[in-house]
Amino acid sequence: MIDKKNLIRFGLILILILILTILNTTMGKYEIRVLNLAGIYIILGLSLNVINGFTGLFSLGHAGFMAIGAYTSSLLTMSALQKESNFFAEPIVPWLANVQIGFLPALLMGGIIAAILGALIAAPILKLTDDYLAIATLGFSEIIRVIFTNTQSLTNGALGIKGLTRFTTIHYTWGIAILTVLFMFSLRRSSYGKALMAIREDQTAAEAMGIDLFKHKLLAFTIGSFFAGIGGGLLAHLMGTIDPLMFRFLLTFNVLLIVVLGGIGSITGTAISAVVVTVMLEWLRFLDGVIDLGFMTIQGIPGLRMVLFSLLLMMVIIFKQKGLMGRDEITLDSLGGFLGRFKKKEA
Amino acid sequence: MSINTFFQHLSNGLALGSLYALIAIGYTMVYGILRLINFAHGEIFMISTYVVFYGVSMFYLPWWVSILVAILITGLLGIIVERAAYRPLRNSPRISVMISAIGASYLIQNLAIVIFGGRPKSFPIPDYFNTVIQVQGVSVPIVNFFIPVITLVALVVLIYIVEKTKTGMAMRAVSRDYETARLMGISVDNIVSITFGLGSMMAAIGGVMWGLKYPNLIPLIGTMPGLKAFIAAVIGGIGNIKGAVLGGFLLGMTEIMIIASLPDVTGYRDAFAFILLIGILIYKPSGLLGQDIGEKV
């Protein structure tokens, strides 16, 4: 017998795909770009959520993993000609000069390299706790950025890489985002996910129950950096240009904002808040520019947008620590209950 | 490297080390009491340089008056940040407090961009500090002498406060055992405020001298020195004031010396401090002068 709930879930995903397809054909270029960004931020938010939400480790190194994914996939999708015109200051290393593979395999490679490096970076520092781990991961992401700025023949240094083919479309971003959401749900249901959450609740008790702390924390970091790498690759091929400055701490801050707002640990909360935050970040851009009210114009002030967002982050963490959803999820049952309540009110 | 250039680098390293040390004190004092990395400390340091700039160029205050004003305002800012961002979360998980700290840091930084503008401003330097003196053929800018001396004076005053006064005794008590200190009738909230105030004032002294040495002001100048000073505090053993000073000098000196002796790796300058940090965290997390604290179950 086919599970009825799974059928409904499948139907909901189909409806989402339908809505996205309609949006994709009717919306303007700018709106589609924002929609793409929202999809990418869902992936990024969920990837940070595995480390910070499921496992309760505080990582601030996300921008570094994204940079690895972005650079790996970009270097793999570029044609020999593109590489030659980009690397004018110093020629690219010969073994990379003529490599070119498709977008999807390149994305996957970006994710895999990010995952490998993520695991290698995390392994020695996993025994650190709380704020020490945070500062060490932040340190690693800065080190990655400094290395990318200086390896002229590999990453083109501070000049960055320009003129990437913009492969990223709604199909890729939201397709991968939906897959990521599904993966996260099945991860959390699995014994691995339960072990991760046991570590979050009480590390010492989890260890006493026979959970291998090192192995599971490493797993969380590897999964987190894999999806961060994929997100980075998508971002690179959406923007068309990358440089080391893009991957500053501010990028980690944005992703952290999404996870905190959505509720640290909640999958659906993170996904919803990713869309809301991305749209708001774009929509509030007018604060930094000129505001035209028709009868008068107000000169926008650069920086005001980020002032609002930092205030928002602090308000949420001080007054509503659980964020939008806490650790709860929107499931079919809760949705059914919500709709049921609605129906009763009508009657 | 000739002996002359060596002494030149030595004086630069000493000056940079002093500045790191002054900022690191704020981190270490706050961590000692609240077990919290005050991410906004670098931004507090940045504000002090801007207060001097506006004091001199907008309000035409005499130079030394605007320095005093800067130290006071910065101290006040530190207290306000604690009240607004950390006190409501005193009993929350540490991750929440840290997120709030990151939020506070970005808030101050972006407020600075809004209020002061993103365009670089140049720190007002009295002519006297622009002179370069020659000692045995080594030319050293006079600020390089001033910075370590002022740092030393500030340190002596601070250590006197912490070790000889009643307030200092209360601070040490709170950092040793928070709950018992409260039972002994110490007003923990006041002591925390004083700690933030003192730490921020130290950062302000560092900020003024940072302006004298690196006069290009932008709202982002606080971030890197802030992170490096935190690293210095960890190297010395976080929670330990003398350790922070030692760490600051070590970090400043090694940074300058590495760049001076290996010009090829100059681009990696900012990575070096982080590599040192990770090395220390892995092999000696308690730092050079810190005490080992086991995991409490």
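It should be emphasised that the depicted structure is a prediction, and the values quoted were computed from it without experimental measurement. Protein chains get the first letters and strands the later ones, always in sequence-line order, with residue 1 at the start of each. When reading the values below, keep in mind they use all heavy atoms of this one structure, side chains included, and skip hydrogens, waters and symmetry mates.
- For F272(B), no part lies under 4.5 angstrom from a heavy atom of chain A.
- Looking at F319(A), neither its backbone nor its side chain comes within 4.5 Å of chain B, counting heavy atoms on both sides.
- Residue K121(B) places its NZ atom among more than 12 non-hydrogen atoms of other residues, nucleotides or ligands, all under 6.0 Å distant.
- Among I125(A), L313(A), I135(A), I264(A), the residue with the largest count of heavy-atom pairs under 4.5 Å with chain B is I135(A).
- For chain A, the nearby part of L227(B) is the side chain; its heavy atoms alone come within less than 4.5 Å.
- Judged purely by atom type and a 3.5 angstrom limit, N12(B) has no side-chain atom pairing as donor or acceptor with the backbone of I256(B).
- Relative orientation of the Y71(A) and F247(A) rings is tilted, given thresholds of 30° and 60° on the angle between their planes.
- At least one side-chain heavy atom of M184(A) sits under 4.5 Å from a side-chain heavy atom of V50(A).
- Chain A forms the most heavy-atom pairs under 4.5 Å with one residue out of I115(B), L111(B), I231(B), L36(B), and that residue is L111(B).
- In this structure, no portion of I108(B) lies under 4.5 Å from any heavy atom of chain A.
- When L138(A), L128(A), V146(A) are compared by the number of non-hydrogen pairs under 4.5 Å with chain B, V146(A) comes out ahead.
- Contact count versus chain A (heavy atoms, under 4.5 Å) is highest, among V114(B), I238(B), I37(B), L277(B), for V114(B).
- Using modelled atom types, one side-chain atom of R35(B) and one backbone atom of G32(B) make a donor-acceptor pair closer than 3.5 Å.
- The greatest number of non-hydrogen atom pairs below 4.5 Å with chain B, out of L312(A), L308(A), N52(A), L250(A), is found for L250(A).
- Neither the backbone nor the side chain of A101(B) comes within contact range of chain A; no heavy atom of the residue lies under 4.5 Å from a heavy atom of that chain.
- Listed options N150(A), I144(A), L257(A), V307(A) were ranked by heavy-atom pairs under 4.5 angstrom with chain B; first place goes to N150(A).
- Ring geometry for W210(B) against F45(B) counts as perpendicular: the plane angle is over 60°, on a 0 to 90° scale with 30° as the lower cut.
- Heavy-atom distances place the side chain of F253(A), and not its backbone, under 4.5 Å from chain B.
- A donor-acceptor pair is defined here as one N or O able to donate and one able to accept, closer than 3.5 Å; such a pair exists between the side chain of R248(A) and the backbone of L245(A).
- For a residue to count as touching a neighbouring chain, one of its non-hydrogen atoms must lie under 4.5 Å from one of that chain's; by this rule L281(B) touches chain A with backbone and side chain alike.
- The closest donor-acceptor contact from the side chain of R145(A) to the backbone of G64(A) lies at 3.5 Å or more, if one exists at all.
- Looking at L107(B), both its backbone and its side chain come within 4.5 Å of chain A, counting heavy atoms on both sides.
- Both the backbone and the side chain of I99(B) come within contact range of chain A, with heavy atoms under 4.5 Å apart.
- Judged by distance alone, the side chain of S266(A) and the main-chain N or O of G263(A) form no donor-acceptor pair under 3.5 Å.
- Of the listed residues (F274(B), F39(B), F230(B), Y106(B)), the one with the most heavy-atom contacts under 4.5 Å to chain A is Y106(B).
- Ring orientation note: the planes of Y132(A) and Y31(B) are tilted relative to one another, at an angle of 30° to 60°.
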